Amino acid sequence: MYNQILSSLNDFIDNDLFFDPDQKKTLLHKHKLALSDSLQKGHWTTNLCLIASNLAKKNPRDIASALITRLENQSEIAKVELAGPGFVNIFLTREAFFNQLDDADKNPNSFVESSHTSKEKIQIEFVSANPTGPLHVGHGRGAAYGDAIGRILQRLGHEVSREYYVNDAGRQIDILACSIFLRKFECFDEKAFPKSAYKGSYILEIARGAEIDQALTESDKEKLITNLPKDDEEKIDELIERIKINHSNSWSLIRDFGLNYVIKSIKEDLTQFKVIFDNWFFESSLGELEDKKSEIFQALDQVKKEHAYEKNGAVWLESTKFGDDKDRVIIREDGRGTYLSADLAYHRNKLDRGFDTIINVWGSDHHGYIKRIEATIEAMGYSKKQMQVQLVQFANLFENGSKVKMSTRSGNFYTLKQLIDDIGPDASRFYYLSKQADQHLDFDIGVARSNSKDNLYYYVQYAHARICSVEKKYLELGMALPSKFDDSDFDGCDELLQMALNAQFVIKSSGENLQPHLIVYYLRDISQSFHQFYNNVNILNAKKLEQNNIMRALIIVKSVIASSLELLGIEPLDSM
RNA sequence: GCGCCUGUAGCUCAGUUGGAUAGAGCAACGGUUUUCUAAACCGUGGGUCAGGAGUUCGAAUCUCUUCAGGCGCGCCA
């Protein structure tokens, strides 16, 4: 029906309006056909005449009359009204209204899929937390978000690939290995343990699990910890250096063991959170800068030829040529690459894999980094439009009104796993997604855990469970669940059904804008409408004539709720 | 100093990309169950959409500006 009306509107623009081609183009682009938010305004509504009247400097009423006649000629349309400042409201016949619902139930993309949006190959890179410790509640938000937009884009017909970028090559990993080493061989007293090392209890666990034949003598330890620099950061770097040189065997054993251990635990947490990645990309696979065959060398070499220069012994990328604020170092004075150089090679690798769009989900503290990476993409000869960066603000966790602190180094943090164990993966995901991603989220675990009315997650689940229960009772009465509407003129479900139709548009918009929270609020609204209906109408004791359509309506609402929850990675509950 | 984000009811937030009378939840007060799950529903009160100017048929939404708050500005990752 949507497509049918839409093409009538377009025919009208083409044939009945005496506009020049430019005006027609903007009109085609700007007019909208939307579901009405209330049936008093009809089933469908369009602003076409408003826009047209603006372009032609004419009264909307003069333009509308021809359109109204054209629309009213269609057998599915019962009535067309001009309302408000110039909206055209379209009222369908009951039969047409029900038909589009049955169609939408069969094909949840019936309105949106034939539109000219092309199917793309999309890659989403998200979480990508440094493998230096367990995921904490801040990472959970990125995980829930990235996974949800993946599901939504898939629903819209795109081919989606999820990727985790593992920074397994940098200094952070050395600090991890060093921390484990120091614990393993008990090099420091508890009080003297370096501040800049990781202190979480998981470090002790890993240290206990690591099987190393070698032992450190007291003099080894003494050598390791005497005459260290005072500065915390310098101290840890010095320790790393000394261990690497003097205990290279243990070092690499511990480093590999620790890294694998942490990555494994991250994977387990994500699996429990129902986030599955198609690909784990390791920074180390890009190779070493010294190796001329490595990807990282070749990527840098390519860029260096045209868009880089040497200054103060370092190699600088001319990123200002591509919109960055200043030029950036890609190879340090001492010959090592910067973080940007690895990212440059990584993005080249991604774009060469043939994705139409790559989406990077980053913590919002990286926002200063966007221009920089865009510049490197342009410098390598790609278009920055192929990459979309979506920032996710950190989630603040509250418990009983007070903020729970998070810091990986101090080891004092609330892990994602704890959260999942506490309130479950589904409620966690629901709350993570309940606010626009790039804005602060205050997550009160007390509310999420509670059975109270302000727990929105249960409000939505309750609507689903109630419908399941009614269906069950209906079957127990010996009735069969209807698969079609009949022509009874009971209209008590119509507003609810109108809202159910809107799911397609909400999902489309949430996919196009990468905003899963729109679905959360849609779920709240349709659940509310259902609860109202439920309290108004006694379904099982309703008139036999009305019951078929009521049950049909509930089946449709239930399936809309279930499939919307699915897009958020949440399993609908059949009973509570 | 430069850049990005935010400011909507007492609190937490939506607002379909410029549309019709600005909406929910919580909190406050009052009500609804011999009948399908009361984790529900109904009612009442609560607003200069931070302030100002502009763009137009029409602005919470776009532009400019003032104020307030948050974040980012390494040869760290």
Side-chain angles (χ1 to χ4, degrees), chain A residues 30 32 34-38 40-41 45 47 50-51 53-54 57 59-60 83-87 89 130 132 167 169-173 175 233 283 311-316 325-326 328-343 364-372 391 393-394 434-436 438-442 444 447 450-463 465-474 476-477 502 505-506 508-510 512-513 515 517-518 520-522 524-525 527-528 530-542 575-576:
Chain A
K30 282 184 81 177
K32 275 188 301 197
L35 281 166
S36 305
D37 53 11
S38 149
Q40 287 168 358
K41 300 176 189 166
T45 186
N47 61 352
L50 276 170
I51 311 261
S53 74
N54 196 16
K57 305 285 173 215
N59 189 325
F87 291 100
N89 292 339
N130 284 341
T132 55
N167 293 105
R171 174 171 174 259
Q172 300 300 325
I173 303 304
I175 298 177
E233 299 300 323
E283 182 184 353
K311 194 177 93 184
N312 303 335
V315 179
W316 297 68
D325 307 326
K326 43 184 161 181
R328 307 290 173 176
V329 171
I330 45 177
I331 300 176
R332 278 181 272 239
E333 209 176 341
D334 62 9
R336 291 178 302 137
T338 59
Y339 181 73
L340 187 62
S341 68
D343 247 15
S364 64
D365 53 335
H366 285 67
H367 75 72
Y369 197 69
I370 297 176
K371 269 191 182 167
R372 217 173 301 179
L391 296 178
Q393 277 281 3
F394 295 117
S434 67
K435 198 176 166 186
Q436 211 165 318
D438 57 0
Q439 286 173 35
H440 281 108
L441 172 71
D442 290 338
D444 194 317
V447 171
S450 75
N451 289 355
S452 72
K453 283 187 207 171
D454 48 357
N455 192 337
L456 192 55
Y457 170 69
Y458 282 109
Y459 185 80
V460 172
Q461 290 285 19
Y462 188 40
R466 268 183 154 174
I467 298 177
C468 290
S469 164
V470 171
E471 279 182 359
K472 203 174 143 211
K473 294 246 157 75
Y474 190 70
E476 281 167 10
L477 291 174
N502 201 25
F505 294 99
V506 172
K508 183 169 181 236
S509 153
S510 94
E512 282 170 353
N513 301 302
Q515 296 184 329
H517 77 282
L518 295 177
V520 171
Y521 284 95
Y522 171 74
R524 181 200 65 188
D525 291 341
S527 302
Q528 182 172 39
F530 164 74
H531 285 307
Q532 288 166 354
F533 176 81
Y534 183 91
N535 276 274
N536 257 333
V537 178
N538 189 321
I539 300 155
L540 294 176
N541 295 317
S575 68
M576 289 175 64

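A, B, ... follow the sequence lines: proteins, then strands. Residue 1 opens every chain. These numbers come from the heavy atoms of this one structure, side chains and all, not from hydrogens, waters or symmetry mates. Just so you know, these numbers come straight off a predicted model, no measurement behind them.
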Which heavy-atom pair separates A:Glu333 from A:Asn312 by the least distance, and what is that distance?
CG-O, 3.5 Å
B:rC41 phosphate, OP1 or OP2: any side-chain N/O from A:Tyr459 under 4.0 angstrom?
yes
Under 3.5 Å, side chain of A:Tyr522 to main-chain N/O of A:His517, donor-acceptor pair present?
no
Report which part of the nucleic acid A:Asn130 touches: base, sugar-phosphate, or nothing (heavy-atom distance under 4.0 Å, all strands).
sugar-phosphate
To the nearest 0.5 Å, atom CG of A:Leu456 lies from atom CD of A:Gln461 at 11.0 Å
In the structure shown, which nucleotide is the Watson-Crick or G-U wobble counterpart of B:rU33, with both distances under 3.5 Å?
none
Can you say whether a donor on the side chain of A:Asp365 sits under 3.5 Å from an acceptor on the base of B:rA77, or the other way round?
no
Checking all strands, does A:Ala34 fall into the base, sugar-phosphate, or nothing category for heavy-atom contacts under 4.0 angstrom?
nothing
If pairing requires Watson-Crick or G-U wobble contacts with both distances under 3.5 Å, which nucleotide is the partner of B:rG45?
none
With heavy atoms under 4.0 Å as the rule, sort A:Gln461 into base, sugar-phosphate or nothing.
nothing
Touch class at under 4.0 angstrom, heavy-atom based, for A:His531 against every strand present
sugar-phosphate
Is the glycosidic angle of B:rU44 within 90° of 0, making it syn, or outside that range, making it anti?
anti
List in numerical order all residues of residues 331-342 of chain A for which some heavy atom is under 4.0 Å away from an atom belonging to RNA chain B.
A:Arg332, A:Glu333, A:Tyr339
What nucleic acid atoms does A:His366 come within less than 4.0 Å of, heavy atoms only: base, sugar-phosphate, or nothing?
base
Using the C1' atom in both, what is the distance from B:rA50 to B:rG7, to the nearest Å?
6 Å
Answer with base, sugar-phosphate or nothing: what part of the nucleic acid does A:Val460 contact at a heavy-atom distance below 4.0 Å?
nothing
B:rG46 to B:rG25 separation - C1' atoms, rounded to the nearest Å:
15 Å
Taking only the side-chain nitrogens and oxygens of A:Asn47, find out if one of them lies under 4.0 Å from OP1 or OP2 of B:rG19.
no
Just N and O in the side chain of A:His517: are any of them under 4.0 Å from OP1 or OP2 of B:rG15?
yes
Is B:rG19 paired to anything, Watson-Crick or G-U wobble with both distances less than 3.5 Å, and if yes, which nucleotide?
B:rC57
Taking any heavy-atom pair under 4.0 Å as a contact, classify A:Asp343: base, sugar-phosphate, or nothing.
nothing
Hey, which sits more toward the 5' end of RNA chain B by its nearest nucleotide, A:Asn89 or A:Leu540?
A:Asn89
Hey, does the side chain of A:Lys473 come within less than 4.0 Å of B:rU35's phosphate (OP1/OP2), counting only N and O?
no
Return whichever of A:Ser364 or A:Lys41 has its heavy-atom-nearest nucleotide of RNA chain B closer to the 5' end.
A:Lys41
At less than 4.0 Å, is any side-chain N or O atom of A:Arg524 found next to OP1 or OP2 of B:rC13? Yes or no.
no
Checking base pairs now: Watson-Crick or wobble, both atom distances under 3.5 Å. What partners B:rC4?
B:rG70
Need one value for A:Tyr522: base, sugar-phosphate or nothing, where a base atom within 4.0 Å counts as base even if backbone is also close, heavy atoms only.
nothing
Assigned partner base of B:rC76, Watson-Crick or wobble definition, under 3.5 Å:
none
Could you tell me whether A:Tyr474 contacts a base, only the sugar-phosphate backbone, or nothing, with contacts defined as non-hydrogen atoms closer than 4.0 Å?
nothing
In the strands shown, is B:rG25 matched to any nucleotide by a Watson-Crick or G-U wobble pair with both distances under 3.5 Å, and which?
B:rC11
